[in-house]
Amino acid sequence: QQQVKQSPQSLIVQKGGISIINCAYENTAFDYFPWYQQFPGKGPALLIAIRPDVSEKKEGRFTISFNKSAKQFSLHIMDSQPGDSATYFCAASMLGQNFVFGPGTRLSVLP
Amino acid sequence: KAGVTQTPRYLIKTRGQQVTLSCSPISGHRSVSWYQQTPGQGLQFLFEYFSETQRNKGNFPGRFSGRQFSNSRSEMNVSTLELGDSALYLCASSLRPSGDGGELFFGEGSRLTVL
């Protein structure tokens, strides 16, 4: 019930391509869905976040698509760059509860 | 504005020992959360403190404990270390309590190796 599933585990994309990472959740009480980006040797940093009252949010090359009925959300990275190579975590939270993180996706963008 | 500071960054312990990790949150942040990160398990929630009170606790044995001081600095302690405790321990601070839509700001972590 509290789990957030994430796929794929790893992803290799050519420079300029689109990277897509998918997440799914079970608990419909979740009301905040952030994505975190983590570079080696660093802590995760917030990339972009969405609430379930909107179906899409875009910030630069990064877009979250949210499907409330399917209980799924995804991160799209347009025009992927080698500097985007990192591990990406989706997460979910609700009032009064801690964040629940997906297991992570290791993205490699080839030059 | 200084970020979240965790000390020590690296440490090596042997089985049966105990360890204390420290976290200084961003100034003004009263919420501190701790996570264990391992390659196979991702980020696992340990506990959260807000204004010196533990708000939530993850599914970890009692060997894992924490506390928060009046200046919002936090410590976590692991007693009777086991090999499986080897991990990166991340601290995150937030302006508001967890789940209130507040952004988590993570430190760079303390990497613990248990031999």
Side-chain angles (χ1 to χ4, degrees), chain A residues 1-10 21-25 27-54 57 59 62 64 66 86-107, chain B residues 2-7 9-10 21 23-26 29 31-50 53-60 64 66 74 87-111:
Chain A
Q1 189 79 350
Q2 289 291 88
Q3 200 175 18
V4 175
K5 297 179 181 179
Q6 183 173 347
S7 64
Q9 189 174 17
S10 62
I21 305 171
N22 301 299
C23 285
Y25 63 98
N27 192 337
T28 56
F30 286 139
D31 61 1
Y32 180 65
F33 302 89
W35 283 89
Y36 282 80
Q37 179 189 55
Q38 184 179 29
F39 293 106
K42 301 292 185 181
L46 179 67
L47 188 62
I48 187 173
I50 197 169
R51 291 199 178 272
D53 52 346
V54 296
K57 183 174 181 180
E59 289 184 2
F62 301 90
I64 298 180
F66 188 84
T87 299
Y88 293 81
F89 295 94
C90 62
S93 73
M94 57 181 156
L95 189 63
Q97 298 295 318
N98 56 278
F99 284 76
V100 179
F101 285 84
T105 295
R106 179 172 290 184
L107 171 65
Chain B
V4 177
T5 303
Q6 291 189 244
T7 57
R9 290 292 314 279
Y10 304 92
L21 309 177
C23 172
S24 294
I26 292 172
H29 286 194
S31 172
V32 173
S33 300
W34 288 90
Y35 289 83
Q36 181 193 65
Q37 184 175 20
T38 57
Q41 299 295 318
L43 285 148
Q44 300 294 311
F45 173 74
L46 282 156
F47 24 68
E48 181 200 2
Y49 290 88
F50 183 80
T53 300
Q54 186 179 89
R55 294 186 72 245
N56 291 303
K57 189 176 192 304
N59 190 25
F60 278 82
F64 291 81
S74 177
L88 180 67
Y89 290 88
L90 290 163
C91 167
S93 76
S94 178
L95 199 57
R96 300 194 293 270
S98 188
D100 193 17
E103 177 182 348
L104 289 180
F105 292 84
F106 284 89
E108 294 189 333
S110 293
R111 183 165 295 281

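Worth knowing before you read on, the calculation uses all heavy atoms, side chains too, and leaves out hydrogens, waters and symmetry mates. Since the model is a prediction, treat every value here as computed from it, not as a measurement. Letters go in sequence order (proteins before strands), and every chain restarts at 1.
Annotation: B:Y35 is in aromatic contact with A:F101 [ring centroid separation under 6.0 Å].
Applying the 6.0 Å contact sphere to NZ of B:K57 captures more than 12 heavy atoms from other residues, nucleotides or ligands. More than 12 heavy-atom neighbours from other residues, nucleotides or ligands sit within 6.0 angstrom of CG on A:D53.
Each of A:Q38, A:Q9, A:Q6, A:R106 has some count of heavy-atom pairs under 4.5 Å with chain B, and the biggest count is that of A:Q38. Annotation: maximal heavy-atom pairing with chain B below 4.5 Å, among A:P34, A:G41, A:A45, A:P103, occurs at A:G41.
You'll find the side chain of A:P44 reaches within 4.5 Å of the side chain of B:L90, heavy atoms only.
In this structure, CG on A:N98 lies 12.0 Å from CZ on B:F47, to the nearest 0.5 angstrom. Going from atom CZ of A:F99 over to atom CD of B:E103 covers 9.0 Å, rounded to the nearest 0.5 Å.
Using a 4.5 Å cut-off between heavy atoms, B:Q6 makes no contact with chain A at all. Neither the backbone nor the side chain of B:R111 comes within contact range of chain A, judged by heavy atoms closer than 4.5 Å. With a 4.5 angstrom heavy-atom cutoff, B:L43 touches chain A via backbone and side-chain atoms both.
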